[in-house]
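Read through the structure below, which is laid out as structure tokens, and then see the notes.
Both backbone and side-chain heavy atoms feed into the values below; hydrogens, waters and symmetry mates do not. In what follows, chains are A, B, ... by sequence order, proteins preceding strands, each numbered from 1. It should be emphasised that the depicted structure is a prediction, and the values quoted were computed from it without experimental measurement.
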Number of protein chains: 2
Amino acid sequence: MFEVFAKYLQNQIQLNDQELNMIQKVCVSKRLRKNQYLLQEGDVWRYNAFITSGCLRTYSVNDKLQEHILNFAIENYWIGDRESLLNGTPSRYNIDAIEDSEVLLISKEDFAVLMKSIPQFQDLVNLIIERSFAASQDRINSSISLNAEEKYATFLKRQPKIANRVPQHMVASYLGITPETLSRIRKLNLKK
Amino acid sequence: MFEVFAKYLQNQIQLNDQELNMIQKVCVSKRLRKNQYLLQEGDVWRYNAFITSGCLRTYSVNDKLQEHILNFAIENYWIGDRESLLNGTPSRYNIDAIEDSEVLLISKEDFAVLMKSIPQFQDLVNLIIERSFAASQDRINSSISLNAEEKYATFLKRQPKIANRVPQHMVASYLGITPETLSRIRKLNLKK
DNA sequence: TGAAGCACTTGATATATGTCAAGTGTTTTT
DNA sequence: AAAAACACTTGACATATATCAAGTGCTTCA
């Protein structure tokens, strides 16, 4: 499904056939069944991954074996552990598929070559990282300044697609609250 | 105090005199007294700012007039609102000085020129953004998976310098807990 | 230098959210 | 088609953290 990626790219930057071809050559497609891992804690993440279909999550597991979801990502989004990629250190996160999915993997090395060779591509990548950073600042702000109900409302507003696509207990995990609390919040919201 | 910045840069990238000079030319120094604003909510942030001395904080104010600190930054760190800078939108944050401070400001436009002209500088900036992003992911992880005591312990470990430099109620604000709770946690920790 | 304002602490109490446990309906597996 | 697993809900109760209020020392600055 390179077409999905090609469309995504051409939507945002100008690429000639040769450039597009260069990108295609280094993409490795990978299918994931629901529940299958893309990355496991302790492994080093060496790729940039673009999702062409499906839905994945990044999560951590603490001492008490509780899972905490850091990110959801669906088709037309990137996923991975940039910290592990940047430093070559073992990842502290897991990534797995919430639905049957397909991702395109580009190795760190190939990706670096693309960035050097295609300036628009480099600009796009920088822009995406900037946006991701802004989004995480925003999420930190929510997490320290809102109560559970407000966090859920904010999530619904910011990521309505995700909210309607992933199981409720995963939304709770993403928000840092229990599934029971989320269930009660939803019940109260219905009455309003 | 351009020397502080020059030292910082030369510590990380190779720059010839001409390049360093080019950077110096676009730096505007600004002194801030304790409590003075660098950015106020509603204003658009148009710079990149490097701190040469002092300590600043970025914070938001919610409906109930509660302040929530998103970031502390001291000498040799960057500060600003990248979201406002990127999109040209009014900032939702405030930045002010916790101590008398000095910052170097580089306008968005000048900064873009530097990035184009000095590839090592561009690489450095990208690296910094990547690191900032990784750090915020990490903070999100803490905020959804740790209790108050663990959050404080993590903060002490990650940012010991800051922990010993800013007032305790600001640490509480940064962690998303009340000053009273932090005071009690510290008391318990002393006994252990 | 002394009054005012901060920063921090401590106690009593309130409240939001978590935990545990059971029950219902739906989806998946065999 | 039955069994098992899963997702969600609901109630009773527990607990971490917030709130409110007062008290103690430090700074600051007039």
Q.
Ignoring hydrogens and geometry beyond distance, is a side-chain donor-acceptor pair present between B:Ser60 and A:Asn141 at under 3.5 Å?
A.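 Per modelled atom types, B:Ser60 and A:Asn141 side chains form a pair under 3.5 Å.
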
Closer than 4.0 Å, any side-chain N/O of [X] to the OP1 or OP2 of [N]?
X: B:His169; N: C:dC6; answer: no
X: B:Ser183; N: C:dT9; answer: yes
X: A:Thr178; N: C:dT17; answer: no
X: A:Lys187; N: D:dT9; answer: no
X: B:Gln66; N: D:dA18; answer: no

What is the distance, rounded to the nearest whole Å, between atom [atom1] of [X] and atom [atom2] of [N]?
X: B:Asn35; N: C:dG5; atom1: CG; atom2: P; answer: 16 Å
X: B:Leu188; N: C:dT9; atom1: CG; atom2: C1'; answer: 13 Å
X: A:Arg186; N: D:dC8; atom1: CZ; atom2: C1'; answer: 9 Å
X: A:Arg184; N: C:dT15; atom1: CZ; atom2: P; answer: 18 Å
X: B:Lys64; N: D:dA18; atom1: NZ; atom2: C1'; answer: 12 Å
X: B:Leu65; N: D:dT19; atom1: CG; atom2: P; answer: 14 Å
X: B:Tyr152; N: D:dA16; atom1: OH; atom2: C1'; answer: 18 Å
X: B:Asn147; N: C:dT19; atom1: CG; atom2: C1'; answer: 15 Å

Inset, instruction - Mind telling me whether B:Phe50 and B:Phe5 have parallel, tilted or perpendicular rings, with 30° and 60° as the class edges? - result: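 Ring orientation of B:Phe5 relative to B:Phe50: tilted.
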
Notebook entry, point to check: Are the aromatic rings of B:Tyr59 and B:Tyr93 close, with centres under 6.0 Å apart?
Noted result: no

A:Tyr77/A:Tyr8 aromatic ring centres below 6.0 Å: no

Checklist entry - Would you say A:Lys30's side chain and A:Leu104's backbone share a donor-acceptor pair under 3.5 angstrom? => result no

Next on the checklist: Could you check whether the side chain of B:Glu180 and the base of C:dC8 have a donor-acceptor pair of N or O atoms closer than 3.5 Å, going by distance alone?
Outcome noted: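 No such pair is found, so the answer is no.
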
Nearest-nucleotide check on DNA chain D, B:Gly176 vs A:Leu182; residue mapping nearer the 5' end is A:Leu182

